[in-house]
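Everything on this sheet refers to the single structure shown next.
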Amino acid sequence: MELFLFMLERVGLIIVFAFLMSRWRLFRDMLFQEQGLKEKIWLVLIFSALSVVSSYTGIKIESGTIHPLNQMIHSTINAEEAIANTRLIGVAIAGIFGGPFVGVCVGIIAGVHRITLGGFTAIACGVSTILAGFITGGLSQQLKIRQTFSYKKAVMIGICAETLQMIVILAIARPFEQALQLVSLIAMPMIMMNAFGIFIFFMIIKTFIDEEERTKALQTHQAFSIAQLTIEHFRKGLNEESCQTVAEIIKREIKVDAVAITDTNGILAHVGVGEDHHLIHREIMTSLTKRVLVEGHIITATSAKEIHCPHHDCPLNAAIVLPLKVQQHTVGTLKLYFMNATSLTGVKKELAEGLSRLFSSQLEYAEIERQRKLLKDAEIKALQAQVHPHFFFNSLNTISSLIRTDANEARALLLKLSTFFRSNLQGARQMLIPLKNEIDHIEAYLAIEQTRFPNRYNVQFQVDASLFDVHIPPFTLQPLVENAIYHAFKNRKEGKIFVQVQQVDNKLLLLTEDNGCGMRKEQVKQLGKSIMQSEQGTGTALWNIYQRIHEIYGKEADFQILSTLDVGTKIKIQLPLKATRWEQTHVKCIYCR
């Protein structure tokens with residue numbers, strides 16, 4: 001019982017060590033994240049130090065008598081003496097968390113060190129320590145203790161390692177009678193206390209990690225709660241009204257001394273301490289904010305000097321300034337201010353970082369909303385007859401869905417949608433555009449459609465690049481490709497579309513061909529010549545193309561539709577290559593006559 005109590009005292013050192021190390025973030029990361037050579041070397045040094053200290057602070061035993069108080073730290077041990085210690089706790093934990101490499105290295109260092117201390121069990125204890133490093137590292141990897149965090153398996157490994165040490169002492173230490181007497185005295189206390197030490201180490205680390213995860217869960221919940229409260233306001237973009245409301249919500253929910261929001265030019269809102277001089281409608285006052293706008297990353301200040309507010313009596317002494325970004329461009333800042341630097345805790349920093357990302361996503365969504373409002377523009381309305389009525393709605397829904405799962409793809413698709421809008425606007429203002437612009441229009445449209453329906457159809461282009469500067473009427477090819485997608489493949493899982501542009505004699509040949517469902521001869525005769533009313537569509541797009549090319553080119557233009565039911569459709573358009581009187585003409589709407 002006496003040895004149990006003394007061993008429990010030594011285990012207390014392990015508890016202190018575990019508590020201190022659990023507060024070291026780098027150490028926690030090394031235990032649970034992917035370990036490179038640098039991390040493994042750090043673990044070897046840390047656990048080797050723990051094992052060596054455990055050997056030095058062991059309990060001396062001589063001829064069956066315990067001598068714990070004659071010397072707390074033992075640099076050498078007499079030939080008749082041995083020590084009971086917690087050395088194998090460090091070795092076992094090293095093997096469990098670091099794997100075979102760390103376990104073996106710590107076992108060798110701790111084992112060699114134990115041999116240098118001396119005593120009649122020196123060789124036996126050194127060998128058993130090295131073997132323990134091999135065994136704990138190997139078993140831990142096989143049992144995946146680090147991944148499952150199973151303290152039961154860890155305790156069993158500790159018991160096996162300590163039991164092995166007792167067996168090695170009996171096998172190697174001499175005289176045998178003295179070794180047997182020693183083992184009978186120390187076996188149970190050391191096996192049980194070392195297993196208890198491993199258990200306590202695990203529990204301390206696990207408790208801290210559980211607390212950290214709970215804190216992160218609360219942060220996430222709080223961040224999403226704030227995001228839910230602010231989303232309808234940020235949808236309006238960065239303006240004074242929306243930012244004032246958002247700042248009030250953040251101050252109330254996070255309990256900071258002041259909240260400010262800016263765009264790239266000035267202060268849009270400031271709520272809380274400092275309202276008397278951090279006024280809206282003013283230019284940005286603090287150099288800290290200006291740095292964030294330029295550099296585009298989070299900056300923390302822990303003194304009034306770092307904030308650099310020009311107002312001499314400003315009571316704000318700490319701040320975290322976060323960039324608000326749209327498509328990776330900084331468009332403003334969110335600032336959380338504190339009167340006392342100690343109030344700027346790590347928890348609030350992490351929460352603020354999460355809010356910055358969420359608010360940036362909301363602003364990007366607001367940008368999408370702004371793009372969607374372009375549809376209400378009168379010039380876009382004039383072109384809506386050319387576009388499937390659900391196209392814009394579905395495109396925006398697709399982008400909105402991607403924002404949460406693949407932000408980079410969402411941004412890329414938003415750029416394509418922007419290109420599509422630009423092409424629509426250009427078509428509304430110009431009678432003729434370069435062929436290259438029309439091809440870009442088609443590619444932007446296809447990028448959006450193929451994201452919605454991957455592998456649904458294959459579009460092949462054969463375009464003579466030397467013709468890219470030739471001017472053609474806008475919306476000449478794009479509606480043909482769109483018609484093929486919406487009508488030719490309605491009853492098919494996949495299809496092919498071929499787009500060709502080439503010079504034939506003195507004319508420009510524009511051709512689209514698909515292997516879709518085709519049309520009856522009666523339908524073909526009417527298409528392009530008049531607007532029809534049918535379940536399949538009205539033919540408005542083809543009618544508009546026909547009307548425009550004949551208005552611009554007269555009899556020099558040719559428009560042909562060739563289609564066979566269940567085989568496919570081919571549309572050929574021939575335009576003169578020479579310039580026309582419309583080439584540089586800008587009009588409000590190409591359909592205004």
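Because only heavy atoms are used, hydrogens play no part in the values below, and waters and symmetry mates are left out as well, while side chains stay in. Index from 1, following the sequence.
Across L288 and A301, no two heavy atoms sit closer than the pair CD2-CB, 3.7 Å. Of all non-hydrogen atoms in M339 and D257, the two that sit nearest each other are N-OD2, 2.6 Å. Contact between A132 and V91 at its shortest, heavy atoms only, is C-CG1, 4.0 Å. When every heavy atom of C243 is checked against every heavy atom of L238, the shortest pair comes out as SG-CD2, 3.7 Å. Considering all non-hydrogen atoms of both residues, S48 and I109 come closest at OG-CD1, 3.4 Å. In plain terms, the two heavy atoms of V273 and P315 that are nearest each other are CG1-CG, 3.2 Å.
Looking at T300 and K349, their side chains never bring a donor and an acceptor atom within 3.5 Å of each other. A donor-acceptor pair shorter than 3.5 Å can be found between the side chains of E162 and Q165.
The ring pair (Phe, Tyr, Trp, His ring centres under 6.0 Å) test applied to H308 returns no partner, not counting sequence neighbours. With sequence neighbours left out, D313 forms a side chain to side chain donor-acceptor pair (under 3.5 Å) with no residue at all.
Classification of the H311-H277 ring pair by plane angle, with boundaries at 30° and 60°, yields parallel. Note on ring orientation: taking the six-membered ring where Trp is involved, the planes of H113 and Y56 are perpendicular (angle over 60°, cut-offs 30° and 60°).
In this structure, the side chain of S184 engages the main chain of Q181 through a donor-acceptor pair within 3.5 Å. Remark: the backbone N or O of G111 is not paired with any side-chain donor or acceptor of T129 at under 3.5 angstrom.
Counting only heavy atoms from C-beta outward, the side chains of F120 and L182 approach each other to under 4.5 Å. The shortest distance between side-chain heavy atoms of L170 and F176 falls below 4.5 Å. A 4.5 Å side-chain heavy-atom check between N340 and N317 finds every atom pair outside the cut-off. Within the 4.5 Å cutoff, the side chain of L358 has no heavy atoms near those of the T230 side chain. A 4.5 Å side-chain heavy-atom check between T86 and M193 finds every atom pair outside the cut-off. Using a 4.5 Å heavy-atom cutoff, the side chains of I250 and L336 are in contact. In this structure the side chain of R87 reaches within 4.5 angstrom of the side chain of C125, judged on heavy atoms. Looking at heavy atoms from C-beta onward, E353 lies in side-chain contact with L322 at the 4.5 angstrom threshold.
Other residues, nucleotides and ligands place more than 12 heavy atoms under 6.0 Å from the CZ atom of R174. Applying the 6.0 Å contact sphere to CZ of R291 captures no more than 12 heavy atoms from other residues, nucleotides or ligands. Counting heavy-atom neighbours within 6.0 Å of H297 NE2, excluding the residue itself, gives a total above 12.
Atoms CD1 and CG, on I399 and L414 in that order, are 5.0 Å from each other to the nearest 0.5 Å. In this structure, CD1 on I46 lies 12.0 Å from OG on S51, to the nearest 0.5 angstrom. The distance from the CD1 atom of I320 to the CG atom of L355 is 10.0 Å, given to the nearest 0.5 Å. Atoms CG and CE, from L185 and M190 in turn, are 10.5 Å apart once rounded to the nearest 0.5 Å. How far CG of N85 is from CG of N194: 7.5 Å, rounded to the nearest 0.5 Å. With rounding to the nearest 0.5 angstrom, the OG1 atom of T333 is 5.5 Å from the CG atom of L293.
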Step by step, would you call F201 with I89 a side chain to side chain contact (heavy atoms under 4.5 Å, CB included)?
CA-CA 9 Å; F201 186 95; I89 293 179; 5.5 Å; no
Starting from the C-alpha separation in whole Å, work towards a yes-or-no answer on side chain to side chain contact (heavy atoms under 4.5 Å, CB included) for I93 and F17.
CA-CA 12 Å; I93 294 173; F17 171 82; over 6 Å; no
Dump the intermediate steps for side chain to side chain contact (heavy atoms under 4.5 Å, CB included) on I298 and V292, then the final yes or no.
CA-CA 7 Å; I298 299 169; V292 173; over 6 Å; no
Please report the C-alpha distance between L334 and V259 in whole Å, then the side-chain angles of each, then the deciding distance to 0.1 Å, and finally whether the side chain to side chain contact (heavy atoms under 4.5 Å, CB included) criterion is met.
CA-CA 7 Å; L334 168 65; V259 177; 4.0 Å; yes
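Evaluated for a side-chain hydrogen bond (donor to acceptor under 3.5 Å, both in side chains) with T121, the options Q178, E81, R114 yield exactly one hit, R114.
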